[in-house]
There are 2 protein chains.
Amino acid sequence: MSKKATSTKRERDPAATRQRLIDATVRLMVQQGFAGTSVDQICKEAGMTKGGFFHHFENKEALGIAAIEWWGRMGTALYAESWQDSTLDPLKQLHRMFDIMVGFTRRNDDAVVCMVGMMSQEMSATNPAFQAACEKELNLWTENVAKLLTAAKKLHKPKTKFDPIQVAWLLNSLWQGSMLIGKTCRSQQLIRDNLKLARDYVDGLFQAN
Amino acid sequence: MSKKATSTKRERDPAATRQRLIDATVRLMVQQGFAGTSVDQICKEAGMTKGGFFHHFENKEALGIAAIEWWGRMGTALYAESWQDSTLDPLKQLHRMFDIMVGFTRRNDDAVVCMVGMMSQEMSATNPAFQAACEKELNLWTENVAKLLTAAKKLHKPKTKFDPIQVAWLLNSLWQGSMLIGKTCRSQQLIRDNLKLARDYVDGLFQAN
DNA sequence: TTGGACATACAAACCGGTCGGTATGTAAAG
DNA sequence: CTTTACATACCGACCGGTTTGTATGTCCAA
């Protein structure tokens with residue numbers, strides 16, 4: 001209804017323009033952080049002028065929040081294949097998830113970074129809106145993983161007692177920390193090594209059969 | 001010879017002034033990041049003027065690097081008790097280290113954040129000097145932990161094969177990621193839960209005796 | 001022709017960094 | 001023991017440029 005765009009030349013497409021701004025923001029902020037990225041720079045990257053920008057977003061902060069939310073949706077879509085295939089053994093679903101994460105480290109087009117992790121570090125101590133937006137995304141990831149761990153617990157006997165939520169937070173922390181260190185030490189292999197150990201750790205929670 | 005300072009009143013103490021600037025920088029940047037903290041702000045926090053500031057540091061970047069190095073020295077001093085007590089079983093040394101980390105989460109005066117982790121996220125993708133400074137500190141931590149794991153391997157039979165360096169990087173990543181998430185989710189308990197699981201993980205690498 | 005989607009021009013604050021100057025300490029010459 | 005000469009530590013005004021954000025204009029589609 002609202003989206004037509006049937007004509008060949010669609011000069012004006014506000015939704016696409018908005019998304020172009022978000023894309024540019026993610027691309028730049030993932031490299032330079034929030035404070036290190038200027039609105040001018042974003043506009044230039046998106047092929048847009050300042051007036052246009054402030055037509056779509058109230059201010060820079062609103063754009064940052066939108067970029068975080070977009071990153072969250074992208075992530076959820078990326079993991080969906082593993083999180084939602086309920087025909088699979090939940091432990092196999094977790095394996096699929098690790099495979100996806102390893103795949104994420106292999107996109108050689110750009111660095112292995114998480115927008116949420118970056119904004120968390122830079123902003124969540126001082127900006128409540130960013131803190132809340134990041135927390136929401138981190139919670140979502142953890143909840144999905146915890147759900148799989150809980151399901152796995154019903155199918156496989158755990159070797160020792162463990163709390164799925166705690167383990168999920170552990171995995172989330174490890175994932176974020178791996179990307180942080182992988183970036184600074186310029187090693188994607190380091191991230192993959194960590195993922196391998198994490199996978200073994202998860203397997204080790206359950207009795208082999 | 002050059003340092004006397006026997007008199008009671010020492011108005012001029014350049015080394016202390018320099019340190020005051022570094023302290024102020026750490027205090028502010030750990031909250032607001034590098035780009036988010038202005039030189040004026042640092043000067044105000046340190047009770048100093050811009051002119052004085054640029055007498056001590058060539059530019060803002062030099063101060064940032066100095067602050068990272070200072071943080072590294074502080075960390076090494078903090079861990080020294082566990083890392084250097086070679087009379088102890090290396091596995092006990094690792095336990096001591098985890099205790100120190102838990103203690104770090106209990107300093108209720110300010111948040112549980114790592115200057116190196118923050119600068120890593122914000123700067124290492126764009127600023128080679130910051131990247132190198134952060135990488136150095138991360139390497140140092142990992143090497144010390146890897147050394148303990150190697151020593152522990154000689155004293156205790158490992159349950160399965162593992163590479164001490166890989167495990168040390170895993171622990172470093174987990175530690176950094178825990179502080180990142182702990183900050184955003186405003187939970188120091190989460191950090192402690194992760195540390196507990198990490199400790200159990202390390203214990204689980206070796207056969208109980 | 002009206003309103004949304006952009007561009008242009010501009011404002012006001014703020015940024016890192018410089019500069020001229022001053023206060024203080026040191027050391028050697030007289 | 002002064003006096004002179006110089007180095008160090010620090011101050012605060014200032015500069016050019018950049019920042020976010022606004023006010024206004026234009027153009028095209030419905």
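Residue numbering restarts at 1 for every chain, and letters A, B, ... go by the order of the sequence lines. Predicted model, so just to flag it, every value in this text is computed and none were measured.
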Using a cut-off of strictly less than 4.0 Å, decide whether [X] has a side-chain nitrogen or oxygen near OP1 or OP2 of [N].
{"X": "B/His55", "N": "D/dA9", "value": "yes"}
{"X": "B/His56", "N": "D/dA9", "value": "no"}
{"X": "A/Thr17", "N": "C/dC6", "value": "yes"}

Got a sec, which pairs hit salt bridge (Lys or Arg N to Asp or Glu O under 4.0 Å) with one end in residues 172-197 of chain B, sequence neighbours left out?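 Qualifying pairs: B/Lys196-B/Asp200.
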Heavy-atom side-chain proximity of [X] to [Y] below 4.5 angstrom:
{"X": "B/Gln121", "Y": "A/Glu122", "result": "no"}
{"X": "A/Ser120", "Y": "B/Leu180", "result": "yes"}
{"X": "B/Arg18", "Y": "B/Phe57", "result": "yes"}

Let me know the distance between [atom1] of [X] and [atom2] of [N], rounded to the nearest Å.
{"X": "B/Phe57", "N": "C/dT18", "atom1": "CZ", "atom2": "P", "result": "15 Å"}
{"X": "B/Asn59", "N": "C/dG16", "atom1": "CG", "atom2": "C1'", "result": "9 Å"}
{"X": "B/Phe53", "N": "D/dT8", "atom1": "CZ", "atom2": "P", "result": "19 Å"}
{"X": "A/Lys44", "N": "D/dT18", "atom1": "NZ", "atom2": "C1'", "result": "14 Å"}
{"X": "A/Ile42", "N": "D/dT19", "atom1": "CD1", "atom2": "C1'", "result": "12 Å"}
{"X": "B/Met48", "N": "D/dC11", "atom1": "CE", "atom2": "C1'", "result": "9 Å"}
{"X": "A/Glu58", "N": "D/dT20", "atom1": "CD", "atom2": "C1'", "result": "13 Å"}

Please confirm whether A/Lys60 makes a cation-pi placement over A/Phe54, using NZ or CZ under 6.0 Å from the six-membered ring centre and within 45° of the ring normal.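 No cation-pi geometry.
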Check whether A/Phe162 forms a cation-pi arrangement with A/Lys153 (NZ or CZ under 6.0 Å from the six-membered ring centre, at most 45° off the ring normal). yes
DNA chain D nearest-nucleotide lookup for A/Gln41 and A/Phe54: closer to the 5′ end is A/Gln41
Helix axis bend for the helix from C/dT1-D/dA30 to C/dG30-D/dC1 - C1'-based end axes, five pairs, 10° rounding: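 If I round to tens, the end axes sit 0° apart.
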Residue list, ring pair (Phe, Tyr, Trp, His ring centres under 6.0 Å) with B/Phe104, at least two apart or on another chain: none
With a cut-off of 6.0 Å (strictly less than), are more than 12 heavy atoms of other residues, nucleotides or ligands near CD1 of A/Ile165? no
More than 12 heavy atoms of other residues, nucleotides or ligands under 6.0 Å from CD of A/Gln189: yes or no?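 Counting neighbours around CD of A/Gln189, more than 12 heavy atoms of other residues, nucleotides or ligands fall under 6.0 Å, so yes.
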Taking only Lys NZ, Arg NE, NH1 and NH2, and the carboxylate oxygens of Asp or Glu, determine whether B/Arg96 and B/Asp85 approach each other closer than 4.0 Å.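 No, this pair does not count.
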Tell me if the side-chain of B/Lys50 makes a donor-acceptor pair with the base of C/dG17, cut-off 3.5 Å, by modelled atom types. yes
Tell me which residues in residues 119-134 of chain B put a heavy atom below 4.0 Å from DNA chain C, sorted by number, or none. none
Could you check which residues of residues 21-40 of chain B get a heavy atom under 4.0 Å from DNA chain C? Sort them by number, please.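 Those residues whose heavy atoms fall under 4.0 Å from DNA chain C, taken from residues 21-40 of chain B in numerical order, are B/Thr37, B/Ser38, B/Val39.
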Whichever of B/Gly51 and B/Lys60 has its nearest DNA chain C nucleotide further upstream toward 5': B/Lys60
Decide yes or no on side chain to side chain donor-acceptor pair (under 3.5 Å) for A/His95 and A/Asp203, but give the supporting numbers first. CA-CA 9 Å; A/His95 287 166; A/Asp203 285 342; 2.7 Å; yes
List the residues meeting side-chain hydrogen bond (donor to acceptor under 3.5 Å, both in side chains) with B/His55, not counting sequence neighbours, and say none if there are none.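 Counting only residues at least two positions away or on another chain, B/His55 forms no side-chain hydrogen bond (donor to acceptor under 3.5 Å, both in side chains).
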